[in-house]
Amino acid sequence: MEAILIHLIKIACVLGVVLFICAYIVLVERRVCAFIQDRLGPNRVGIPLWIRKDGSAITLGGKWALGQPLVDACKSLLKEDFVPAHVNKLYFWLAPMLAMSPALIVFAVIPFGSKLFGESMILADVNVGILFVFAIASFTVYGIMLAGWSSNSKYPFLGGIRSSAQLISYEICLGLSVIPLFMQVESLKLSEVVTWQSNHLWLICYPWNWLPALIFLASSFAETNRLPFDLPEAEQELAGGYNVEYSSMKFAMFFMAEYTSMIAASALMVTLFLGGWSLPFVPATGGVLVGLAHICIFLAKLFALLFFFIWVRWTLPRFRYDQLMGLGWKVFLPLALLNVLIVAGVIILGWVK
Amino acid sequence: MHDQLFWFFSIAMLLSGLLVILGRNPVTSAMFLVLSLFFMAGLFVLLEAYFLAIIQILVYAGAVIVLFLFVIMLLDLKTENVRQFKRFGVFGALVVAGALAWKLTSVVSAVLAAAAKPVVGTTEAMGKLLFTQYLLPFEVTSVLLLIAMVGVVVLSRKETK
Amino acid sequence: MKLERPKLTLAERLYLPAILSGLALTFSHIFRKKVTLQYPEEKPEIPPGYRGQPVLVKDEEGRVKCVACQLCEFVCPPRAITIKPMEYPENAKYGKVEKIPAEFDIDMLRCIYCGYCEEVCPEQAIFLRGPYSVTGLSRKAMVFNKEKLLELGGTLPDPIKKWQKK
Ligand code: SF4
Ligand code: SF4
């Protein structure tokens, strides 16, 4: 009973934190993109604390637009939820949920800290952790595809078709690029990957892991539909892609799905390549303080990567579709395969350890 | 708990499998196929074959059915209005089903004999089995896939003189 | 015509150096001076000759230049202007003008900023000038009356003084 309660609390905390980051990362994106373009971005709406008699309000952090996510959420909830007459209703409703949930489920197996009060800071330490991630992540494509198809009009359909081809292609690169890591760690458990890295160096520190890291990073851009691989949405060509017919909260779900999967991809990258919660000179085991420090380290790395995601988005232009496919199949795939061989050689030579 | 879950997964799997062939909308059929694969993965989990369960979802639900959907959508299959039964088709189906059932009983009896000794369904055990006991079938399968792949490349290549 | 494609070096084909330099550029922009104008607090500088909303002007003597000829009222496409003319007392200082508007309303909700009123006016009394922020809390508040229009317009010197030479 108690164990279930603890689990429920952990789940609630993780979900809460993820959705919180999801809300605020949108704000961060808007601010950073504004800064990159020499603008200021949202800087008005604070969190309302108290409303005076005359209708004016005392707000917190208005200069930093801390209330912006709140306002945005209210806006998308209150907008008219328009369902066009020509859509396939069932799948039209199902698609946003399918797009959103896989990204959230992925957090079940990501170790976001070592131990706190004797509890390991991971929701489910399954022994096929990374495969679980890929299996769940491959469901995102259903959301996009069904959204495109059920909308029953041309642009969403093209967007859906394009993106499903893209997602499937890059899933393969994603999967192949991490195989060398597990050859070195000799386990598929994500918690053991992090423990290994806290005992050795981070995996990114070994030169033969640079190529897989690059492929993984680029593929996760593609998997999360971020620029330079945001062809499913491609505003200029497809008028918004698979979500053209969506409005109100259903659209917001797609929007949030993009950011949630971005957070998931960053968390995965941190876990696999950047040492998860480990940091040199911070003890791997210890009391409450060390446990908290580990969570903070994980979050710090996560935020750094999220910033990188945003930074890249506002720097690079979009790939052309054939270039995208060519890059995936003709460059990343052979390189990832080659890399498996290289790392196998490295292990035989005994350079790891 | 274990037993209840087993019954739940099996019945749900069979039901959604049935709905695959009864559904009139091809997309609905494909989605029910995904569902039934999910429940099958649940059965694998009950057998503690986590690796198989995950691979089941990853490969079939995550990739193969997506390609099915792809084809369904690109061919623009419409919901069928009238069901037609051809006598020959029914006959053929019965023959195939009978052959499958017959084969299945022999497999099940072999499995029941093997189930006495405990197997670990971890990735490691799977890998060891694949590269020792089942090496030949494994390699043959991969060659088969390679042939299919080469075939596709040849077929889809543009004619160049 | 056949274009020679430039041959790319390995570094160019890898994209990575280009991507990195692009990232460096965008990162440096984060710390640049921002161009955003914090609008309601900071106002943009309006250049002379800016075509904002229609306003009435006075000459340097402080006389309302409009002679209530009502041409603008006729020409205004959305019928935004309503004028009620009034006779000038004969013995007054500007008695020669004969007519001035008693009321001059422009419904700013109807005005389309076409500038026909300015073009048609024989006295150069109505101009599209500086004021650009036209706001109000009710329909009534958006009908600008003579006083308001004159206040917004200010003075525009009139060297000719056509009305005196009659
Ligand atoms: S600008 Fe055009 S619409 Fe506005 S008052 Fe003058 S004539 Fe009428
Ligand atoms: S503003 Fe000009 S056009 Fe209009 S009534 Fe006055 S003098 Fe005539």
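This one's a predicted model, so the numbers in the text were calculated from it and none came from an experiment. In what follows, chains carry the letters A, B, and so on, assigned in the order in which the sequence lines appear, proteins first and then strands, with residues in each chain numbered from 1.
Proximity to chain A (any heavy atom under 4.5 Å) is restricted, for B:V34, to the side chain, taken from C-beta onward. Residue A:F134 touches chain B through both its backbone and its side chain, counting heavy-atom pairs closer than 4.5 Å. Heavy atoms closer than 4.5 Å to chain B are found in the side chain of A:L98, but not in its backbone. With a threshold of 4.5 angstrom between heavy atoms, A:I161 approaches chain B through its backbone and through its side chain. Residue contact with chain B, scored on non-hydrogen atoms closer than 4.5 Å, involves the side chain of A:F139 exclusively. For A:L131, the parts sitting under 4.5 Å from any heavy atom of chain B are the backbone and the side chain alike. Contacts of A:A137 with chain B are absent, with no heavy-atom separation under 4.5 Å from either backbone or side chain.
In this pair, A:W196 and A:H200 present their aromatic rings parallel. The plane angle is below 30°, not in the 30 to 60° band. Below 30°, between 30° and 60°, or above 60°: for B:F9 and B:F39 the angle between ring planes is between 30° and 60°, a tilted geometry.
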Could you check B:N25 against A:N88 for side chain to side chain contact (heavy atoms under 4.5 Å, CB included), going step by step and ending with a plain yes or no?
CA-CA 11 Å; B:N25 186 338; A:N88 186 327; 3.9 Å; yes
Worked verdict on B:T28 versus A:Y91 for side-chain hydrogen bond (donor to acceptor under 3.5 Å, both in side chains)
CA-CA 9 Å; B:T28 312; A:Y91 293 112; 3.1 Å; yes
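A donor and an acceptor atom, one from each side chain of A:E245 and A:S153, are located under 3.5 Å apart.
Judged by distance alone, with hydrogens and angles left aside, the side-chain atoms of A:Q197 form a donor-acceptor pair with the main-chain N or O of A:L203 at under 3.5 Å.
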